[in-house]
Amino acid sequence: MKKTLLSREIFYLAILFAIGGTAIIGQPGEIRDSWLGCALVPAFAVPVCLIFSGLSAGNEPIMALKAAVGKHMAPVLLLLLSAVAIFVCTATVNTYVEYVSSMSMVLMRRWVPAFGMCLICAIISKGNTASFIRICWSVLPIAALVVAVVLFVAIKVISFGNLLPIAENGVMPIANFAMRGVVLQVAPMLFMFLRFTPQAKTRRPAVPVLLAVLAACVVLCLLKMKNVGVLGWPLIGEFRFPGSVAASALKVGGGKLLERFELFMVIVVAVTQPIKISVCLSFAAEGVSKVFPRLQKYAVEALAAAVALLSLIPPDGYPIEGQRWYHVLLAVALLGVPMALFALRRIRRR
């Protein structure tokens with residue numbers, strides 16, 4: 001797969017990547033001021049994206065890692081990052097399975113959406129970059145239209161009094177929620193920076209990514225306000241997927257014209273999550289292929305099958321992306337390690 005992208009293509013990819021996972025449908029334990037937490041995410045994302053951009057510097061993943069840790073440790077580190085990418089894929093597919101099983105297709109076997117999603121992502125990962133970007137360009141208007149419809153209908157139902165008081169328990173819960181958003185939405189973008197490189201005319205690849213994060217956070221901020229305004233506090237913190245529960249309360253014409261808006265959220269999840277999974281899957285496949293060239297031919301298919309199987313291991317009702325240990329793991333592997341690598345690279349250059 002050719003991996004050079006224009007600025008606008010990086011923007012399309014990054015905004016869909018940012019709203020994949022639990023971002024669009026919410027997660028357990030959301031707070032009243034979750035919308036303020038989303039508004040703070042871009043501020044935390046600036047240094048993270050600059051570090052990712054400086055670490056990758058338009059190079060192949062193995063070359064970027066060699067510049068930081070040397071040629072002997074680079075393959076080992078590449079395999080470890082590939083393992084983390086597979087784990088991110090697993091957590092994202094697991095969330096999709098839990099969401100589809102609990103909100104729309106209760107009687108469906110869990111392995112059906114898991115293997116279906118992984119099959120789609122394997123096909124996308126095996127294609128070329130031009131096809132991948134066309135998919136992003138086709139998906140983005142669909143997701144934007146569905147979200148716009150949901151927000152427009154929600155205006156008549158939202159009780160803005162549910163948003164008050166603001167920061168009742170101080171700013172730390174808001175900051176913690178913002179950091180959780182950075183870990184889940186921004187940290188996995190490391191794989192996007194390492195997987196794709198900007199064209200020569202795109203001198204600052206972090207800029208379109210930051211613009212995409214800002215746009216995604218505006219959308220997510222509005223959706224969080226919708227969730228709190230419809231469900232209220234503390235009810236919002238009691239649901240696994242508060243975004244869909246809030247959407248289920250929306251109706252047009254008293255339910256005679258249109259109802260079951262949670263199915264609209266299913267559409268958004270179904271079209272955005274393959275983008276995030278495909279980026280991480282293709283990075284992991286490339287990492288394995290670089291270290292073990294003989295596995296290159298079937299790396300994507302084998303890893304996709306592994307992701308599908310691993311996503312079914314957690315019991316029903318246990319979405320991985322909502323667990324604290326998963327947040328800590330991503331913070332260490334995708335924030336702490338890149339910061340250390342960036343510092344090592346700067347030291348080796350002196």
Side-chain angles (χ1 to χ4, degrees), residues 14-15 17-49 88 91-92 95 98-99 147 151 154 158-190 209-210 212-247 265 268-269 272-273 276 318-336:
I15 192 171
F17 194 102
I19 63 177
T22 59
I24 203 75
I25 52 177
Q27 51 192 286
E30 291 204 355
I31 61 177
R32 176 189 285 147
D33 299 317
S34 57
W35 59 279
L36 276 178
C38 288
L40 290 178
V41 168
F44 291 108
V46 171
V48 173
C49 289
V88 172
T92 308
T95 297
E98 290 291 331
Y99 178 65
V147 170
L151 291 174
I158 290 177
S159 174
F160 290 98
N162 289 338
L163 301 175
L164 302 174
I166 296 176
E168 182 180 17
N169 298 316
V171 297
M172 285 307 299
I174 301 174
N176 290 335
F177 193 88
M179 283 304 302
R180 184 163 65 171
V182 171
V183 168
L184 291 176
Q185 296 168 239
V186 182
M189 286 185 176
L190 172 65
V209 174
L210 288 172
V213 171
L214 178 61
C217 288
V218 170
V219 173
L220 294 175
C221 182
L222 294 175
L223 288 173
K224 300 296 185 186
M225 293 177 71
K226 179 263 296 181
N227 297 343
V228 179
V230 172
L231 297 177
W233 172 259
L235 190 60
I236 189 176
E238 298 177 4
F239 295 105
R240 280 190 292 169
F241 304 112
S244 285
V245 176
M265 303 306 294
V268 177
V269 173
T272 57
Q273 284 202 339
K276 179 179 181 178
Y318 187 86
I320 297 176
E321 285 190 315
Q323 306 305 316
R324 184 174 179 81
W325 61 266
Y326 177 71
H327 304 161
V328 174
L329 175 65
L330 290 195
V332 173
L334 300 183
L335 293 179

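We count residues from 1, following the sequence as given.
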Enquirer: Nearest 0.5 Å please: distance from the CD1 atom of Ile174 over to the CE atom of Met179.
Expert: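 The distance works out to 15.0 Å.
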Enquirer: Can you check whether Trp325 reaches Ile320 side chain to side chain, under 4.5 Å on heavy atoms?
Expert: yes
Enquirer: Taking all heavy atoms of Val183 and all of His327, pick out the closest pair and write down the distance.
Expert: CG1-O, 3.4 Å
Enquirer: Given side chains that start at C-beta, do those of Val228 and Ser34 come closer than 4.5 Å, heavy atoms only?
Expert: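 In contact.
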Enquirer: Which atom names give the shortest non-hydrogen contact between Lys224 and Cys38, and what distance separates them?
Expert: CG-SG, 3.6 Å
Enquirer: Kindly indicate whether the side chain of Leu335, heavy atoms from C-beta on, has any atom under 4.5 Å from the side chain of Leu330.
Expert: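 The answer is no; the side chains never approach within 4.5 Å.
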Enquirer: Measuring from Leu223:CG to Trp35:CH2, what's the distance to the nearest 0.5 Å?
Expert: 14.0 Å
Enquirer: Between Val219 and Ile19, is any pair of side-chain heavy atoms under 4.5 Å apart?
Expert: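 No; the side chains remain at least 4.5 Å from each other.
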Enquirer: If every non-hydrogen atom of Pro188 is compared with every non-hydrogen atom of Val88, which pair is closest and at what distance?
Expert: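 Result for this residue pair: CB-CG1, 4.4 Å.
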Enquirer: For Ala154 and Lys226, which heavy atoms make the closest approach, and how far apart are they?
Expert: CB-CG, 3.5 Å
Enquirer: Specify the closest pair of heavy atoms between Tyr326 and Leu184, including all atoms of both residues, with the distance to one decimal.
Expert: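 In this case the closest contact between Tyr326 and Leu184 is CE2-CD2, 3.7 Å.
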Enquirer: Measure the spacing between NZ of Lys276 and CD of Gln185 and express it to the nearest 0.5 Å.
Expert: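 So the gap between those two atoms works out to 8.0 Å.
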Enquirer: Does a side-chain heavy-atom distance below 4.5 Å link Val186 with Phe44?
Expert: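 In short, these two side chains do not touch, never coming nearer than 4.5 Å.
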Enquirer: Which heavy atom in Met225 sits nearest to a heavy atom in Ile158, and how many Å separate them?
Expert: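 So the minimum-distance heavy-atom pair works out to O-CD1, 4.5 Å.
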